[in-house]
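Read the structure below first, then the notes.
Just so it is clear, the structure is predicted and the values come from calculations on it, not from any experiment. In this chain, numbering begins with 1 at the start of the sequence shown.
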Amino acid sequence: MNNKSVEIGLLFSRIMIGLIFVLHGWSKFEGGISGTVGFFESIGIPGFLASVVAIIELVGGAAMILGLGTRVFAALFVIVMGGVLLTAKVGEPFMSGTEFDYLLLAGSLTLLFTGSRFLAVDYLFSRQGNARQNMSA
């Protein structure tokens with residue numbers, strides 16, 4: 001398998017993971033964040049973290065789609081999904097809904113370790129910066 005095929009596959013993963021997080025982040029703000037704050041507090045998590053998680057999901061998801069800070073936001077998604085699995089979903093059987101959370105965790109880990117350069121803003125900027133450096137040398 002060539003590198004281009006791998007990068008195209010990572011692009012699709014990056015876009016889908018980003019889209020899922022954008023939608024989940026948006027849903028936390030829809031109708032007010034108070035419902036999410038209440039849920040967090042009901043499972044023993046400080047309520048202010050609801051806003052933190054929602055912002056990470058919304059902003060991070062959009063950045064992920066664009067390929068901006070892919071590895072940074074993937075690391076944050078790993079933390080968020082780890083938190084979900086250790087709090088809200090703790091003790092739930094794998095086939096009762098947690099498989100989706102594990103898939104998001106695995107996809108985020110993949111992007112954390114590999115990054116995703118194809119059609120990524122980060123890569124486009126780094127290529128332009130490298131071209132300018134090479135021209136001035």
Side-chain angles (χ1 to χ4, degrees):
M1 187 177 304
N2 67 30
N3 200 27
K4 186 79 164 184
S5 297
V6 171
E7 283 297 328
I8 291 170
L10 290 169
L11 169 69
F12 288 124
S13 293
R14 191 182 83 217
I15 290 171
M16 187 53 64
I17 289 169
L19 180 61
I20 290 167
F21 276 104
V22 163
L23 294 173
H24 279 258
W26 180 262
S27 73
K28 286 175 178 60
F29 286 116
E30 202 170 41
I33 191 84
S34 60
T36 306
V37 169
F39 173 72
F40 272 49
E41 290 173 344
S42 77
I43 60 171
I45 299 172
F48 78 91
L49 285 177
S51 295
V52 173
V53 168
I55 290 168
I56 289 170
E57 290 177 347
L58 188 60
V59 173
M64 183 73 69
I65 291 167
L66 295 172
L68 185 62
T70 300
R71 287 184 169 175
V72 171
F73 286 109
L76 291 172
F77 293 163
V78 166
I79 293 167
V80 167
M81 295 315 300
V84 166
L85 290 165
L86 293 172
T87 58
K89 304 286 179 99
V90 71
E92 286 189 28
F94 183 74
M95 292 300 291
S96 69
T98 60
E99 66 275 11
F100 177 71
D101 302 299
Y102 282 106
L103 185 59
L104 285 174
L105 176 63
S108 297
L109 281 167
T110 299
L111 290 171
L112 172 62
F113 288 110
T114 64
S116 173
R117 299 181 311 186
F118 188 66
L119 298 179
V121 171
D122 282 342
Y123 184 65
L124 295 174
F125 284 145
S126 70
R127 285 183 55 193
Q128 289 174 353
N130 289 340
R132 275 189 236 119
Q133 261 184 341
N134 290 339
M135 290 177 63
S136 64

*Side-chain heavy atoms under 4.5 angstrom apart, residues restricted to Ile, Leu, Val, Met, Phe, Trp, Tyr: same cluster for V22 and I33?*
yes
*Rounded to the nearest 0.5 Å, how far apart are CG of L49 and CD1 of I55?*
11.0 Å
*If you take all heavy atoms of R14 and S116, which pair is closest and at what distance?*
NH1-OG, 2.9 Å
*Atom CG of L124 and atom CG of L119: how far apart are they, to the nearest 0.5 Å?*
7.5 Å
*Are V90 and M95 in one and the same hydrophobic cluster, where Ile, Leu, Val, Met, Phe, Trp and Tyr link if side-chain heavy atoms are under 4.5 Å apart?*
no
*Heavy-atom check, side chain of F77 versus side chain of L112, under 4.5 Å*: no
*Measure the spacing between CG of D122 and OG1 of T70 and express it to the nearest 0.5 Å.*
5.5 Å
_Looking at every heavy atom in both D101 and G97, which two are closest together, and how far apart are they?_
OD2-O, 3.5 Å
*Run the side-chain contact (heavy atoms from CB on, under 4.5 Å) check on L111 and M64 step by step: do they pass?*
CA-CA 10 Å; L111 290 171; M64 183 73 69; 3.7 Å; yes
*Assess whether side-chain contact (heavy atoms from CB on, under 4.5 Å) is satisfied between V78 and L105, documenting all intermediate values.*
CA-CA 6 Å; V78 166; L105 176 63; 3.9 Å; yes
_Test side-chain contact (heavy atoms from CB on, under 4.5 Å) on R117 and N3; report intermediate values, then the result._
CA-CA 11 Å; R117 299 181 311 186; N3 200 27; 3.4 Å; yes
*Closest heavy-atom pair and its distance - S51, F29*: O-CZ, 4.4 Å
*If you take all heavy atoms of E7 and F118, which pair is closest and at what distance?*
OE1-N, 3.1 Å
*Would you give the length of the straight line joining atom CG of L103 to atom CE of M16, rounded to the nearest 0.5 angstrom?*
10.5 Å
*asked:* I need the minimum non-hydrogen distance between S108 and I17, along with the two atoms involved.
replied: N-CD1, 4.0 Å
*Are W26 and M81 linked, directly or through other ILVMFWY residues, by side chains that come within less than 4.5 angstrom of each other?*
yes
_According to ring-ring contact (aromatic ring centres under 6.0 Å, His included), who are the partners of F113, at least two apart in sequence or on a separate chain?_
none
*Give me the ring orientation class for F94 and Y102: parallel if the planes are under 30° apart, tilted from 30 to 60°, perpendicular past 60°.*
tilted
*Find the distance between OG1 (T87) and CZ (F39) and round it off to the nearest 0.5 Å.*
7.0 Å
*Supply the atom-to-atom distance T98 OG1 to K89 NZ, rounded to the nearest 0.5 angstrom.*
7.0 Å
*Find out if a path of hydrophobic residues (ILVMFWY) with successive side-chain heavy-atom gaps under 4.5 Å connects I15 to I56.*
no
_Least distance between heavy atoms, S96 atom then E99 atom_ = N-OE1, 3.7 Å
*Going hydrophobic residue to hydrophobic residue with side-chain gaps under 4.5 angstrom, can you get from V52 over to L86?*
no
